[in-house]
Amino acid sequence: MDEKENVQTNFIRNIIDADLASGKHTSVYTRFPPEPNGYLHIGHAKSICLNFGIARDYNGKCNLRFDDTNPDKEEEEYMHAIMEDVRWLGFEWTEEKHASDYFDQLYMFAVKLILDGKAYVDSQSAEDIRNTRGTLKQPGQESPFRNRDIQESLGMFQRMKEGEFTDGEHVLRAKIDMASPNINMRDPVLYRIKRTHHHRTGDDWVIYPMYDFTHCLSDAIEGITHSICTLEFEDHRPLYDWVLDEAGTPCHPQQIEFARLQLKYTVTSKRKLHQLVHDNHVDSWDDPRMPTISGMRRRGFTSASIRDFCDRIGVTKKDSFIEMAVLENSAREDLNEHALRVMAVLKPLKVTIENYPDDQVEMLEAQNHPQHPEMGTREVPFAKTIFIEREDFMEDAPKKFFRLTVGREVRLRYAYYVTCTDVIKDDSGEVIELICSYDPETRGGDSPDGRKVKGTIHWVSVQHAIDAKINLYDRLFTHPDPGSAENFIEHMNPDSLIKLEQCKLEPSLAEADPGKHYQFERTGYFVRDSHEEALVFNRTVTLRDTWAKIDKQNA
RNA sequence: UGGGCCGUCGCCAAGCGGUAAGGCACCAGGUUUUGAUCCUGGCAUUCGGAGGUUCGAUCCCUCCCGGCCCAGCCA
């Protein structure tokens, strides 16, 4: 990997530096703790790069831990997809863990809390608990069961575990402070009864621990030093610390919160992502328009570019929205360096070169990468009839238009200078073919007399071209913050996918490998679709287009 | 006066009392057989606002303004 070594610093690394300097820690241990209830997205990538990146840079460790305490929503399928995505992003975990690995230990910690008078079995209904929790401004009321005898609570908790009660009949609650200004401290529920099959523990358990009880203890059990999570858990930190203090764990990880990634013109909430997939607004979790890791991979983003993106956006506690341009820049930077250059005509227009010998075919040498001669060359067949891009011809061209128009000479990349001499139209007046003449002296694209042409356009020989379908992707939404809209679906971009058929590619693309990235010269970066049998290419991102900008300004 | 957190260029982001890094975007040039890449230059006398402390404040204090999060037996 040729990524930059100047690692961005951030407030979390500053904390770690201080902890190492003070001797609070001698090594660093982090963890990436997804709940296996969906596919990973670009927001997770930020967390992954942060946690695994810290472990890498500090010679520390980082676990992959599945936060699987709610069997209602969690599935094995997601677990495997998550592992695949983390690995694809270029990281390997020290250990694969599951919160469910700790169910026995967690149970014992709960028993200790009960014995210490720090937890009790509450027999109120969920509704009663909600109604007595108080509001943001008013304190809650204590449960009538709050001072239940310790032995009675203990016995009931054991019976909860044995399955003697129905779902929801009782819960285990921490005994903290119903008047706390922090609602999380108002006797939070620690365990609930839930008869749901768990994808790992099967039907062994009918009680499942809550996040607040599980997460901190899992961190402590694994010896995590810095437990990095997102901002919405800030209010949970006092509870995180309370549980560890009361449980008396030998190790007390530090929870540190950072702002989650928000990208303009897309959504990253799991609920919305699920909705897009299940209501068929997109084809699948890995639809190339999705901000999922798998979708971006299929779209053609490289893992290096995603890592670079995560490095560039930084880590702070400030709510922020990153512009798409940053992601696109990261993609272009990596692809520009590594992608093979080829010629492909997206919207073909036939051109006949009148003075070129009828049956002649020449193999012209083309560079695979202009800045990297070591990447070699290839031969591209040239003949009397070729396809050029429709957009490269304009009948009434403005002076700044460097491409083809009647009477103007341009260079066919790696081939010849050609001048447009005539235009053929169909009955409706649409241009269907161009007639050009070429200068045999300019073979390869250089003119011996030194005359210059302003434009160079790409082309493909008609008789050698191979057909392909090309998917042009654009932002999924037209609203910069679709998630904030009343109905985000209404803001979907109707042109987020434009399917082109009968695109014409140079023959070398016939056996394009799905993992290989190409620059279709002058149009963008593309990758062969990994799902389609046929030759289908996905556009990852366009090239920067100064002409489009000029054209827009003149319009 | 419910609690917690945040506010440095259009978007991100360094800065941690000594006089505003960097990236993206944008603008202007140069090179170029991709209007790509690459290169050069420009782009915050100012850090949400007002006071205060200090020789000196983006960094400390006070107040004010603005934004985000929290009332799942979700995570």
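The sequence lines fix the lettering, A, B, ..., with proteins before strands; numbering per chain opens at 1.
Both distances falling under 3.5 Å, in either a Watson-Crick or a G-U wobble arrangement, occur for no nucleotide opposite A21(B). Pair assignment for C26(B): G42(B), on the basis of Watson-Crick or G-U wobble contacts that are both within less than 3.5 Å. Under the Watson-Crick or G-U wobble criterion, with both distances below 3.5 Å, C5(B) is paired with G67(B). Of all nucleotides present, none satisfies the Watson-Crick or G-U wobble test against A75(B) with each distance under 3.5 Å. Base-pair partner of U34(B): not found among the strands shown (Watson-Crick or G-U wobble, both distances under 3.5 Å). In this structure, A13(B) forms no base pair with any nucleotide, since neither Watson-Crick nor G-U wobble geometry is met with both distances under 3.5 Å.
Within the structure, every side-chain polar atom (N or O) of R237(A) is placed at least 4.0 Å from both OP1 and OP2 of G4(B). At C74(B), one or more side-chain N or O atoms of R192(A) fall inside 4.0 Å of OP1 or OP2 (strictly under the cut-off). For U34(B), neither phosphate oxygen OP1 nor OP2 lies less than 4.0 angstrom from any side-chain nitrogen or oxygen of R341(A). Note on T456(A): every side-chain N or O is 4.0 Å or more away from OP1 and OP2 of U34(B).
Here W547(A) packs flat against the base of G35(B); its ring centre is closer than 5.5 angstrom to the base's six-membered ring, tilted by less than 30 degrees.
The NZ atom of K264(A) sits 10 Å away from the C1' atom of A25(B) (whole-angstrom rounding). Counting to the nearest Å, the P atom of A71(B) and the CD atom of Q138(A) are 16 Å from each other. Rounding to whole angstrom units, CD of residue E234(A) and C1' of G67(B) are separated by 14 Å. Between the C1' atom of C74(B) and the NE2 atom of H274(A) lies a distance of 12 Å, rounded to the nearest Å. Look at CG on L263(A): it is 17 Å from P on C24(B), rounded to the nearest Å. The separation between H215(A) atom NE2 and C74(B) atom C1' is 14 Å, rounded to whole Å. Here A36(B) presents its P atom at 12 Å from CD of Q371(A), a figure rounded to the nearest Å. The distance between atom NE2 of H338(A) and atom P of A36(B), rounded to the nearest whole Å, is 21 Å.
Residue-level contact check: R186(A) touches neither bases nor backbone, having no heavy atom under 4.0 Å from any strand. No contact: N37(A) has no heavy atom under 4.0 Å from any strand. Here T546(A) lies in heavy-atom contact (under 4.0 Å) with sugar-phosphate atoms only.
Take the nearest nucleotide of RNA chain B for F520(A) and for K549(A): the residue whose nucleotide is more 5' is K549(A). Comparing R544(A) and F233(A) along RNA chain B, the residue whose closest nucleotide (by nearest heavy atom) sits nearer the 5' end is R544(A).
In the interface, the side chain of H236(A) is paired with the base of A75(B) through a donor and an acceptor atom under 3.5 Å apart. A donor and an acceptor atom sit less than 3.5 Å apart, one in the side chain of R403(A) and one in the base of G35(B). Judged by atom type and distance alone, Q519(A) reaches the base of U34(B) through a side-chain donor-acceptor pair under 3.5 Å. Residue side chain R332(A) does not reach the base of U37(B) through any donor-acceptor N/O pair under 3.5 Å, judged by distance alone. A donor-acceptor contact under 3.5 Å is not formed by the side chain of D545(A) with the base of G35(B).
A salt bridge is absent between K270(A) and E35(A); no separation between the charged side-chain nitrogens and carboxylate oxygens falls under 4.0 Å. A salt bridge links D101(A) with R200(A): at least one charged nitrogen is closer than 4.0 Å to a carboxylate oxygen. Between R31(A) and E222(A) no salt bridge is recorded (no basic side-chain N to carboxylate O distance below 4.0 Å). Contact check on D308(A) versus R312(A) returns a salt bridge, with a Lys/Arg side-chain nitrogen under 4.0 Å from an Asp/Glu carboxylate oxygen.
Taking the six-membered ring for Trp and thresholds of 30 and 60 degrees, F520(A) and Y518(A) have ring planes inclined between 30 and 60 degrees apart. The aromatic rings of H41(A) and H44(A) sit tilted, their planes meeting at an angle between 30° and 60°. Ring geometry for H198(A) versus Y208(A): interplanar angle under 30°, hence parallel rather than tilted (30 to 60°).
Nucleotides C6(B) and G52(B) have their C1' atoms positioned 23 Å apart, rounded to a whole Å. The C1' atoms of C16(B) and C47(B) are separated by 15 Å, rounded to the nearest whole Å. C9(B) and U37(B) have their P atoms separated by 27 Å, with the value rounded to a whole Å.
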Task: Criterion salt bridge (Lys or Arg N to Asp or Glu O under 4.0 Å) on D167(A) and K194(A), from CA distance to verdict - done: CA-CA 5 Å; D167(A) 288 14; K194(A) 192 191 283 277; over 6 Å; no
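The listed nucleotides are C73(B), C11(B), C12(B); the one nearest the side chain of R133(A) is C73(B).
Glycosidic conformation of G30(B) is anti; the angle lies outside 90° of 0.
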